[in-house]
Every structure is written in C-alpha cells, then in structure tokens.
Amino acid sequence: MRDVVVTGGGTGIGYAIAAGFIALGDRVTITGRREHVLKSAAEHLGAAYLAFDAADPAAVGEAAALLPEHVDVLVNNAGGNTNLDREPSTELADVAAAWQANLNANLLTAVLVTTALLPRFTKGGRIISLGSIAARGTGSGSYGAAKAAIESWTADLAAELGPRGVTANVVAPGIVVDTEFFKGRLTEDGIKARVVNTRNGRPATPADVTETVLFLASPGARHLTGQVLHVNGGAYLGR
C-alpha cells in the first residue's frame, strides 16, 4: 500500500486521480484551499484531507507536519487559469498581479509542496505534475507560461532526484470536460473549436488523465523521468 498526496484533489481531475489510486488500494491524502469541498470529497472517496494554501510558504510549512511521514507518490494537480477570474487590463500593476496569480497557482504550489516533502520520498517514489497543452504555444498568456515553467522545473527535479530512484514527470492535458477549469463558461462551440485539432475527434475526460498518471506511478514507468506526456488526442504532437 502506497501513501499518495494529491494537491487540488477536491474536484475534477484531482478528484478522479485520487479515486484511481484509492481503487488500487493506496492511502490517499487530498489537499486544497476549500475545506468544505475537500471534506465532502474525502468522505466520498475514503481519503484523508488537509486544507491549506499551497502558494503560501508558511501554510505549506505548517501543513507538511500533518502530511504522511513517508510519501510514495505526489501529484501536483493544484492550479487553474486565474485570468478567468479577472477583467482584462493594460495597467501595469494589474498585469503584474495577473501574472503573479497564475505563477503562484500553477508553479509555486507545485514547487513549495514538492520541496516540503522531498525528504519523505522513498526509493521508487514518483512526482507527477499537471501541465497543459497551453505550455506549447497554444496561447493562454501567463497560464501557458506558468505551465511551461512546470516542464523546465520538472527536468531539473528529475536530474536532482534520479540518484535517489525517484522520478519526476509532467502530464499535459489538452481540453478536458467535466471539470471546474472553465468556470461554467465553456460552450459547445468552444469545445468544438478545441476538438477540431485532435486526431480522435473528442475532448479528454478526467479518466483519460487519471490513467496516464496511474501509469507513471506504476512499476512499468520506473525508467521514465523528466518527460512530458501529452494527453490531448493528438492536438499537439509531442515529437
């Protein structure tokens, strides 16, 4: 039985990933900022939960003491496009705040939680971070830039942890339905516009992403590290 931590595990992709590990018999702790969401999700999943702001160094430091003593798998799923909560602006202070918000939500959360847990990873441990097709020049401004930074950081992490037998990889989805990502603003036309570039003619589901994460955490992926696995139906060809 492995000890698994999934950040942003209360809804959507994170919830599906947590459920996938639990189905395999693993012990799972989900984290996030919204305690009521986490509590409800944990009750349905049969998981432990811990609410904290993963972009706050002090909060991560305090939370670390309550997370598992040994960690076999960490899934850095927390994040999202914070620009969806903002009005467009060319004021420099607003631009700076918007960029900082996406970097905090998508990059800093992963860096801080991973750093806090580094001493706890066992040999054969796995760190899997959620990236995005947006990192590969498909737009989304500061969100895409933050996800691109995840890829660069993961490459360094893989080199650092390789001698310990710990792998670090990125799973980069394209459009995924049945999540809170678009905050209810995704229309059928919006889905069609994003699906048109896929080879299989459909969007991804949380289950598609989950299966890829579970593979990276499996014994069969022991020699995969520093990689970006693209889960987008061929909308971006990672070659």
Query raised in the report: Can you name the nearest heavy-atom pair linking V228 to A172, along with the distance?
Result: CG1-CB, 3.9 Å

Query raised in the report: Is there a donor-acceptor pair under 3.5 Å between the side chain of R2 and the backbone N or O of A217?
Result: yes

Review item, side-chain donor-acceptor pairs of residues 98-113, under 3.5 Å, at least two apart:
{"residue": "Q100", "atom": "NE2", "partner": "N104", "partner atom": "OD1", "Å": "3.0"}
{"residue": "N102", "atom": "OD1", "partner": "T82", "partner atom": "N", "Å": "3.0"}
{"residue": "N102", "atom": "OD1", "partner": "T82", "partner atom": "OG1", "Å": "3.1"}
{"residue": "N102", "atom": "OD1", "partner": "N106", "partner atom": "ND2", "Å": "3.1"}
{"residue": "N102", "atom": "ND2", "partner": "N81", "partner atom": "OD1", "Å": "3.2"}
{"residue": "N102", "atom": "ND2", "partner": "S142", "partner atom": "OG", "Å": "2.9"}
{"residue": "N104", "atom": "ND2", "partner": "Q100", "partner atom": "O", "Å": "3.4"}
{"residue": "N106", "atom": "OD1", "partner": "G80", "partner atom": "N", "Å": "2.9"}
{"residue": "N106", "atom": "OD1", "partner": "K147", "partner atom": "NZ", "Å": "3.4"}
{"residue": "N106", "atom": "ND2", "partner": "G80", "partner atom": "O", "Å": "2.9"}
{"residue": "N106", "atom": "ND2", "partner": "N102", "partner atom": "O", "Å": "3.0"}
{"residue": "T109", "atom": "OG1", "partner": "A105", "partner atom": "O", "Å": "2.8"}

Report task. Could you tell me the separation between the CD atom of E211 and the CG atom of L216, rounded to the nearest 0.5 Å? Result -> 11.5 Å

Report task. Using modelled atom types only, decide if a donor and an acceptor are shared between the side chain of N169 and the backbone of G226 within a distance under 3.5 Å. Result -> yes

Report summary line: What one should report as the nearest heavy-atom pair of A41 and I30 is CB-CD1, 3.8 Å

Requested in this report: Tell me whether V37 is reachable from F52 by hopping between hydrophobic residues (I, L, V, M, F, W, Y) whose side-chain heavy atoms are closer than 4.5 Å.
Outcome: no

Taking distance alone, no hydrogens or angles, what donor-acceptor pairs closer than 3.5 Å link side-chain atoms of residues 158-165 to residues at least two apart or in another chain?
{"residue": "R164", "atom": "NH1", "partner": "L118", "partner atom": "O", "Å": "3.3"}
{"residue": "R164", "atom": "NH2", "partner": "L118", "partner atom": "O", "Å": "2.8"}
{"residue": "R164", "atom": "NH2", "partner": "F121", "partner atom": "O", "Å": "3.2"}

Query raised in the report: Does the side chain of T167 reach to within under 4.5 Å of the side chain of Q227, using non-hydrogen atoms?
Result: no

**Report entry** CG-CG distance between L67 and D3, expressed to the nearest 0.5 angstrom
**Finding:** 10.5 Å

Requested in this report: Check the hydrophobic clustering (I, L, V, M, F, W, Y; side-chain heavy atoms under 4.5 Å; chains of links allowed) and say if Y49 and V4 are grouped together.
Outcome: yes

Query raised in the report: When rounded to the nearest 0.5 angstrom, what distance separates CD in E87 from CG in D94?
Result: 10.5 Å

Report summary line: From the list I150, V75, T7, side-chain contact (heavy atoms from CB on, under 4.5 Å) partner of S129 resolves to I150

Query - Straight-line distance of R136 CZ to Y236 OH, nearest 0.5 Å - result: 4.0 Å

Report task. Only pairs at least two apart or in different chains count here, so list each side-chain hydrogen bond (donor to acceptor under 3.5 Å, both in side chains) that has a residue in residues 53-75. Result -> D72-T122

Requested in this report: May I ask whether I17 and Y15 are part of the same hydrophobic cluster, defined by side-chain heavy atoms of I, L, V, M, F, W, Y residues being less than 4.5 angstrom apart, directly or through others?
Outcome: yes

Report task. Taking the side chain as every heavy atom from C-beta outward, state whether V28 and L45 have any atom pair closer than 4.5 Å. Result -> no

Query raised in the report: Would you say the side chain of V213 lies within less than 4.5 Å of the side chain of F21, judging by non-hydrogen atoms?
Result: yes

Report task. Evaluate whether atom CZ of R33 has more than 12 neighbouring non-hydrogen atoms of other residues, nucleotides or ligands under 6.0 angstrom away. Result -> no

**Report entry** Test item: S152 side-chain N/O and A148 main-chain N/O as donor-acceptor pair under 3.5 Å
**Finding:** no

Report task. Kindly give the heavy-atom pair with the smallest separation between R120 and P68, and that separation in Å. Result -> NH1-O, 3.1 Å

Query raised in the report: Which pair of non-hydrogen atoms, one from G32 and one from L38, has the smallest distance, and what is that distance?
Result: N-CD1, 3.3 Å

Requested in this report: Let me know which of V60, T154, N76, V71 forms a side-chain contact (heavy atoms from CB on, under 4.5 Å) with T114.
Outcome: N76

**Report entry** Side-chain donor/acceptor of R222 to backbone N/O of P219, under 3.5 Å
**Finding:** yes

Query raised in the report: What's the shortest heavy-atom distance between G234 and L237, and which atoms?
Result: O-CD2, 3.6 Å

Requested in this report: Give the minimum heavy-atom separation between G131 and P173, together with the two atoms involved.
Outcome: O-CD, 3.4 Å

Query raised in the report: Is there a path from L224 to V209 through hydrophobic residues (I, L, V, M, F, W, Y) whose side chains come within less than 4.5 Å of each other?
Result: yes

Requested in this report: Following the transitive rule for hydrophobic clusters with a side-chain heavy-atom cut-off under 4.5 Å over Ile, Leu, Val, Met, Phe, Trp and Tyr, establish whether I127 and V5 coincide in one cluster.
Outcome: yes

Query raised in the report: Between the main-chain N or O of A168 and the side-chain N or O of T225, is there a donor-acceptor pair closer than 3.5 Å?
Result: yes

Query raised in the report: Counting distance only, does the side-chain N/O of S132 pair as donor-acceptor with the main-chain N or O of A135 below 3.5 Å?
Result: no

Query raised in the report: Does G124 offer a backbone N or O that forms a donor-acceptor pair with the side chain of R126 under 3.5 Å?
Result: yes

Query raised in the report: How many angstroms lie between CG in L74 and CG in L117, if you round to the nearest 0.5 Å?
Result: 6.0 Å

Query raised in the report: Side chains of D208 and R202: closer than 4.5 Å at any heavy-atom pair?
Result: yes

